[in-house]
Peer 1: 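Quick one: the structure is below, questions incoming.
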Amino acid sequence: MNLDNLVVEKIKTAYPEALEEIVDFRDERTLYIKQAHIKNVCQLLRDDPDLQFNFLTDICADDLLPETPRFAVNYHLVSMPNKYRLRLRVRVEDPEKGPETMAELWPIATWLEIEVWDLMGIRFKGNNSLRRLFLPEDWQGHPLRKDYPLGYEEVQFSFNWQEIDAKKPYAKD
Amino acid sequence: MTIGAGEDTFKELTVEELRAKVGTGMPIDDPEEHMLLSMGPQHPSTHGVLRLLVELDGENIVNLAPDIGFLHTGVEKNMESKTYTKALVMTDRLDYLSPMSNNLAYILAVEKLLGVEATPRAQAIRVILCELARISSHLVWLATHALDLAAMSVFLYCFREREYILDIFEMVAGQRMMVSYFRPGGLWRDVPEEFEPAVRQFLDFFPSRIADYEALLKDNPIWLERTKGIGVISGEDAVAWGLTGPSLRGSGVDWDYRKVMPYSGYEQYEFDVPVETDGDVYARYRCRMREMWESLRIIRQALDKLPQGPVNISDRKIVPPPRSELGHSMEAVIHHFKLWTEGFSAPEGFVYQSVESPRGEFSVYLRGDGSPRPARVHFRTPSYVNLASLPLLSKGAFIADVVAIIGSIDIVLGEIDR
């Protein structure tokens, strides 16, 4: 049987409520999984002898601002024995109550989840290492969100030099 | 002569007392005696601005935590405010040692989202340039890796050959490093006439240069001492920790995206994927050295059967018209104006494209929302993921070996911090 169908079938048999939607776009398959079931589904995909998704390559988050649920988290899994790639997508309602951490299944997940937390602000349940990694510790906000503005610095010309200089955050004394 | 304040105190101690104080008399694994050392961010062997917090027990590493973000430039956020074509220039700045593979990953993702495919000639030229970039990147890796372990002469040789490759890049793209040569739908322009002879000349002289590097390091006892059995990781651990590229293949896992999920016509070329089984620094070194030979093989094949024809697809909605058409075609002027002001729109949806960069799997996640700007770009950069296994690799090693281990996983900080 085709692996595309096999994956869907296995998930449907084990967790009938987990699968929300199947999307095929440009020869890539995306399975929308309910947030509550994502860890079980991943466990199934990793441990099933026919599937063996042993490699978590990437976790990345999306901000779909006007839509609800606003956030989505993508898990890109690869089955090395089958040379097959699959994307699981989870819709996240409340970023403070994000999906469970995958650290028990793939240790790399901790590291990837820190990035998502730092830049997109989705908290993964059970990951105790979430911290500021790219940004300074006292940074406010999560820059990859759509409501976070791109910052610009005003250009200094001779006529407004003094004005801008006064506002620049130089080290004081 | 007094060197330090403690000098006199030590002089009064007997040998036994001294030994009791600093030697075996002290319980070695007493956490109270551990020392916390901050290595970097300004440290020559960290290959950029990487800070490592190292917990030391004597000279042995108990724990290690990478602290990154010193080069964070917000590339992913920035790209959301630029058109698909203009955002390309940002990808050069990620892995600045091999900008070609970053360009390729992004461009392939854009083309996938648009549903177009580059012409055979453009694909072959992309392969040739990416493999040249792989060699040049491996040369910088070899140079700095050897320099970290105090082999100065290798550095000079490697940079000499890299210069030749950068000259080829300048010839085709007008830039040595920040090339931005691949464009959606093809290339900036066709390669010049001198390109093929220059690459052929490189193919002729480079094998003997690899032999030079091998002669300097392969059986060098000091090199073997510093690299064999250091930073060992098993194949199973390497997969679980997401290692890719030569760092994964050094642990005996045969996994190369050029083979398993071919892109840009890699399936037409005959080449092997070097795999080593030891999983130590030396194995990773061997993998990269052997990869250079395979890259040469690919370049030779691609050059021999370089197809003729256009380098850009004919879809004027994606590729701007040539300058010559602007004088007599109103339609060309309109396309030119629309493409350079508004850009092309990509459909709604998301795609994921992986390429095998010199460091491992470089992937782009790209979401379009129907507008001329990407709604979300995410890079899965090999250096960022490979860095996560550094604590695992260096646990129990000597502090001096961390330098060798960082060199062997070949990180580029521009790519880690993005």
Side-chain angles (χ1 to χ4, degrees), chain A residues 23-30 46 54-67 72 74 76 78-80 82-87 89 103 105-112 114-116 118-120 129 131-137 139 142-146 148-152, chain B residues 65-74 76-78 80-81 109 111-115 236-244 248 253-255 257 259-261 347-354 360-361 363 365 367 369 375-382 384-389 392 416-418:
Chain A
V23 175
D24 285 308
F25 181 66
R26 309 278 188 231
D27 297 332
E28 289 180 14
R29 172 148 283 207
T30 309
R46 190 192 68 160
N54 55 347
F55 189 24
L56 172 69
T57 62
D58 199 2
I59 300 177
C60 66
D62 239 331
D63 183 357
L64 314 157
L65 183 56
E67 290 175 30
N74 298 302
H76 292 100
V78 167
S79 167
M80 278 187 170
N82 297 317
K83 300 184 178 169
Y84 182 79
R85 187 191 281 287
L86 179 71
R87 181 189 301 118
R89 195 165 161 97
L105 305 177
W106 298 282
I108 186 63
T110 315
W111 189 243
L112 298 169
I114 295 174
E115 185 196 336
V116 175
D118 189 4
L119 300 177
M120 191 64 97
S129 315
R131 61 175 190 269
R132 289 293 182 186
L133 192 68
F134 296 103
L135 302 170
E137 274 158 33
W139 196 269
H142 302 280
L144 282 182
R145 291 191 179 181
K146 290 287 179 197
Y148 190 96
L150 258 181
Y152 291 100
Chain B
D67 178 13
I68 60 174
F70 296 93
L71 283 181
H72 181 65
T73 45
E76 290 174 9
K77 179 77 175 175
N78 250 326
E80 290 172 12
S81 69
E111 286 177 353
K112 201 186 224 180
L113 189 63
L114 293 169
E236 221 166 85
D237 278 348
V239 173
W241 280 91
L243 276 177
T244 41
L248 176 64
V253 183
D254 185 357
W255 187 256
Y257 282 92
K259 280 276 188 210
V260 293
M261 297 173 193
E348 252 177 77
F350 36 84
V351 292
Y352 196 72
Q353 176 66 45
S354 305
E361 176 193 343
S363 303
Y365 168 81
R367 179 163 70 84
D369 58 355
R376 171 89 167 96
V377 192
H378 168 82
F379 295 104
R380 187 261 189 215
T381 51
Y384 175 70
V385 184
N386 289 0
L387 183 70
S389 53
L392 186 73
I416 292 176
D417 292 339
R418 278 164 284 159

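Each chain gets a letter, A, B and so on, in the order the sequences are listed, and its residues count up from 1. Both backbone and side-chain heavy atoms feed into the values below; hydrogens, waters and symmetry mates do not.
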Peer 1: What part of B:E236 gets closer than 4.5 Å to chain A, counting heavy atoms only: side chain, backbone, both or neither?
Peer 2: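 Looking at B:E236, nothing touches chain A.
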
Peer 1: How many angstroms lie between atom CZ of B:F379 and atom CD of A:E115, to the nearest 0.5 angstrom?
Peer 2: 11.5 Å

Peer 1: Below 4.5 Å from any heavy atom of chain B, which atoms of A:V78 appear? Answer side chain, backbone, both or neither.
Peer 2: side chain

Peer 1: To check you understand the geometry: which heavy-atom pair defines the closest contact between A:F55 and B:T244, and what is its length?
Peer 2: CZ-CG2, 3.5 Å

Peer 1: Check each atom of A:R132 against the heavy atoms of chain B and say whether the ones under 4.5 Å are side chain, backbone, both or neither.
Peer 2: neither

Peer 1: Using the rule given for side chain to side chain contact (heavy atoms under 4.5 Å, CB included), can you reason through A:M120 versus B:R376, listing the C-alpha separation, both sets of side-chain angles and the distance that settles it, and then say yes or no?
Peer 2: CA-CA 12 Å; A:M120 191 64 97; B:R376 171 89 167 96; 3.8 Å; yes

Peer 1: For chain B, which of A:L150, A:L56, A:T57, A:T110 has the most heavy-atom pairs under 4.5 Å?
Peer 2: A:T57

Peer 1: Taking the side chain as C-beta and beyond, is there a heavy-atom pair between B:P347 and A:R26 under 4.5 Å?
Peer 2: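 They are in side-chain contact.
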
Peer 1: Under 3.5 Å, side chain of A:K146 to main-chain N/O of B:A375, donor-acceptor pair present?
Peer 2: yes

Peer 1: Examine whether an atom of B:R380 lies under 4.5 Å from a heavy atom of chain A, and if so say whether it belongs to the side chain, the backbone or both; otherwise answer neither.
Peer 2: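 Both parts, backbone and side chain.
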
Peer 1: Side chains of A:Y84 and B:M261, heavy atoms from C-beta outward: is any pair under 4.5 Å?
Peer 2: no

Peer 1: Considering all heavy atoms of both residues, which atom of B:K77 and which atom of A:R145 are nearest to each other, and what is their separation?
Peer 2: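 Between these two residues, the closest heavy atoms are NZ-O, 2.9 Å.
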
Peer 1: Do you know which two heavy atoms are closest between A:F25 and B:L113, and how far apart they sit?
Peer 2: CE2-CD1, 3.8 Å

Peer 1: Would you compute the distance between atom CG of A:D58 and atom CD of B:E361 and round it to the nearest 0.5 angstrom?
Peer 2: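 Nearest 0.5 Å value for the CG-CD distance: 7.5 Å.
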
Peer 1: Would you indicate whether A:D24, at its atom CG, is surrounded by more than 12 heavy atoms from other residues, nucleotides or ligands within a distance under 6.0 Å?
Peer 2: yes

Peer 1: Looking only at heavy atoms, which two atoms of A:F134 and B:I68 are closest? And how far apart?
Peer 2: CE2-CD1, 4.0 Å

Peer 1: Please classify the contact between A:R46 and chain B as side chain, backbone, both or neither, with a heavy-atom cut-off of under 4.5 Å.
Peer 2: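 Contact with chain B: none, neither part.
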
Peer 1: Determine, step by step, whether A:H76 and B:S354 satisfy the side chain to side chain contact (heavy atoms under 4.5 Å, CB included) criterion, reporting the C-alpha distance in whole Å, the side-chain angles of both residues, the deciding distance to 0.1 Å, and the verdict.
Peer 2: CA-CA 11 Å; A:H76 292 100; B:S354 305; over 6 Å; no

Peer 1: Please work out which of the three classes, parallel, tilted or perpendicular, describes the rings of B:Y384 and A:W111, given edges at 30° and 60°.
Peer 2: parallel

Peer 1: Mind listing the closest non-hydrogen atom pair of A:T30 and B:F350 along with its distance?
Peer 2: OG1-CE1, 3.5 Å

Peer 1: Taking all atoms of both residues into account, what is the closest heavy-atom pair of B:P66 and A:R131, and its distance?
Peer 2: O-NH2, 4.3 Å

Peer 1: By a 4.5 Å heavy-atom criterion (distance strictly below it), what part of B:L114 contacts chain A: side chain, backbone, both, or neither?
Peer 2: backbone

Peer 1: Checking B:E76 against chain A: side chain, backbone, both or neither under 4.5 Å from a heavy atom?
Peer 2: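 Both backbone and side chain of B:E76 come within 4.5 Å of chain A.
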
Peer 1: Would a 4.5 Å heavy-atom cut-off, applied to side chains only, mark B:V260 and A:M80 as touching?
Peer 2: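 Contact flag for B:V260/A:M80 side chains = no.
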
Peer 1: Side chain, backbone, both or neither: which part of A:Y148 has an atom under 4.5 Å from a heavy atom of chain B?
Peer 2: both

Peer 1: With no hydrogens and no angle check, do the side chains of A:N74 and B:Y352 hold a donor and an acceptor under 3.5 Å apart?
Peer 2: no

Peer 1: Report which part of B:W241 has an atom under 4.5 Å of a heavy atom belonging to chain A: side chain, backbone, both, or neither.
Peer 2: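 Both parts, backbone and side chain.
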
Peer 1: Quick one: pull up CD1 in A:I108 and CG in B:L243 and give me the separation to the nearest 0.5 Å.
Peer 2: 8.0 Å

Peer 1: Hey, which of A:L119, A:L133, A:I59 has the most heavy atom pairs under 4.5 Å with chain B?
Peer 2: A:L133

